[in-house]
Asks: 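Okay, handing you the structure first.
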Amino acid sequence: MASIAFITGATSGFGKATAYKFAAHGYDVIINGRRADRLQQVADDIEAKYNVAVMQLPFDVREEAAVFSSIRGLPADWKKIDVLVNNAGLAAGRDYFDEASLEDWNIMIDTNVKGFLYVARAVAEFMISNGHGHIINMGSIAGKEVYEKGNVYCASKFAVDALNQAMRIDLLRHQIKVTAINPGAAETEFSLVRFKGDEATAKKIYDGIEPLHAEDIADVVYYCASLPAHVCINDLTLTCTRQASNVYFNRQPG
Ligand code: NDP
Ligand code: 8X3
């Protein structure tokens with residue numbers, strides 16, 4: 001079999017673009033997301049465009065039992081995962097700490113922290129027995145600097161930053177590479193999800209800037225995965241040219 005990349009959150013945005021990127025470079029891909037119809041479309045399209053195999057693994061990363069049984073239930077050949085792109089995640093709401101919804105907080109912590117952990121743990125077990133592997137964790141600039149109304153989303157991405165460091169330290173003895181990618185504003189379905197379908201508010205995030213595109217993130221993920229065996233990018237932060245931090249933007253009027 002070819003090399004294998006397992007990408008969570010591959011029904012949209014970064015994960016979907018990353019699945020195409022790895023497939024274009026000859027990887028067989030395992031793709032995850034909750035929306036089975038979208039996974040099927042992505043799988044059909046990748047198989048039609050590239051001469052690679054696609055394994056669909058629909059599950060909700062928040063469901064511990066489903067994560068472990070789906071991943072442990074992979075056919076033996078598919079357990080030889082070379083790269084995990086631990087990407088599934090979301091923001092829910094953007095509200096003051098004292099006004100935010102507890103349900104939103106629970107969704108973000110359960111997805112971005114607990115789900116993130118379950119997937120990494122299940123796949124690390126294979127990488128350890130295979131004797132190699134690369135875990136690429138999707139962080140954010142929100143995990144580097146807190147911004148107003150970012151509270152729990154930022155906290156969940158600070159957790160990704162800490163866990164990225166922790167995994168690299170604890171998996172060092174197994175020679176597993178661990179990398180965090182920390183993007184700034186990128187136009188995907190992220191803001192539409194965050195603002196619960198409010199298209200006008202979602203669009204305003206990108207007013208006057210050309211934000212990052214999902215394909216930019218896919219390029220960077222693939223670059224990190226394609227370096228020689230002795231080289232590991234630990235942590236990589238990127239923004240569009242019109243963004244310097246969570247709060248500093250150079251927006252074009254109009
Ligand atoms: P999208 O909303 O476009 O994609 C998110 C993906 O995550 C979808 O495929 C979605 O699939 C999946 N997902 C969400 N919740 C779950 C779940 N419980 N179980 C399984 N899959 C899930 O957003 P992005 O591509 O922008 O976001 C990807 C990652 O990048 C996230 O971790 C996000 O926090 C991070 N990020 C995004 C930035 C941005 O500006 N866009 C910047 C920095 C980081 P489905 O709904 O089918 O389950
Ligand atoms: C997404 C980037 O700045 O909207 O992680 O939090 S930001």
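Keep in mind that what you see is a predicted model, and the values were worked out from it rather than measured. First listed ligand is number 1; within each ligand, the first listed atom is number 1.
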Asks: Would Phe6 and Phe126 count as a close aromatic pair, with their ring centres under 6.0 Å?
Replies: no
Asks: If we only count heavy atoms from C-beta on, is the His134 to Asp82 side-chain gap below 4.5 Å?
Replies: no
Asks: Are the side chains of Leu74 and Ile81 in touch, meaning some heavy atoms are under 4.5 Å apart?
Replies: yes
Asks: Tell me the residues surrounding ligand 2, counting only those with a heavy atom closer than 4.0 angstrom, sorted by chain and number.
Replies: Ser140, Ala142, Tyr147, Tyr153, Phe190, Arg194, Asn246
Asks: Could you check whether atom CG of Asp37 has more than 12 heavy atoms from other residues, nucleotides or ligands sitting under 6.0 Å from it?
Replies: yes
Asks: Could Glu103 and Lys196 be called an ion pair, given the rule that one side-chain N must be under 4.0 Å from one carboxylate O?
Replies: no
Asks: Heavy-atom contacts with ligand 1 below 4.0 Å: which residues, ordered by chain and residue number?
Replies: Gly9, Ala10, Thr11, Ser12, Gly13, Phe14, Asn32, Gly33, Arg34, Arg35, Phe59, Asp60, Val61, Arg62, Asn87, Ala88, Gly89, Thr111, Met138, Gly139, Ser140, Tyr153, Lys157, Pro183, Gly184, Ala185, Ala186, Thr188, Glu189, Phe190
Asks: Tell me, do Ile71 and Val123 make a side-chain contact under 4.5 Å, heavy atoms counted?
Replies: yes
Asks: Cation-pi between Arg251 and Phe249: NZ/CZ under 6.0 Å from ring centre and within 45° of the ring axis?
Replies: yes
Asks: With a 4.5 Å cut-off on side-chain heavy atoms, are Lys114 and Arg62 touching?
Replies: no
Asks: Taking NZ, NE, NH1 and NH2 as the nitrogens, is one of them in Lys144 or Asp235 under 4.0 Å from a carboxylate oxygen of the other?
Replies: yes
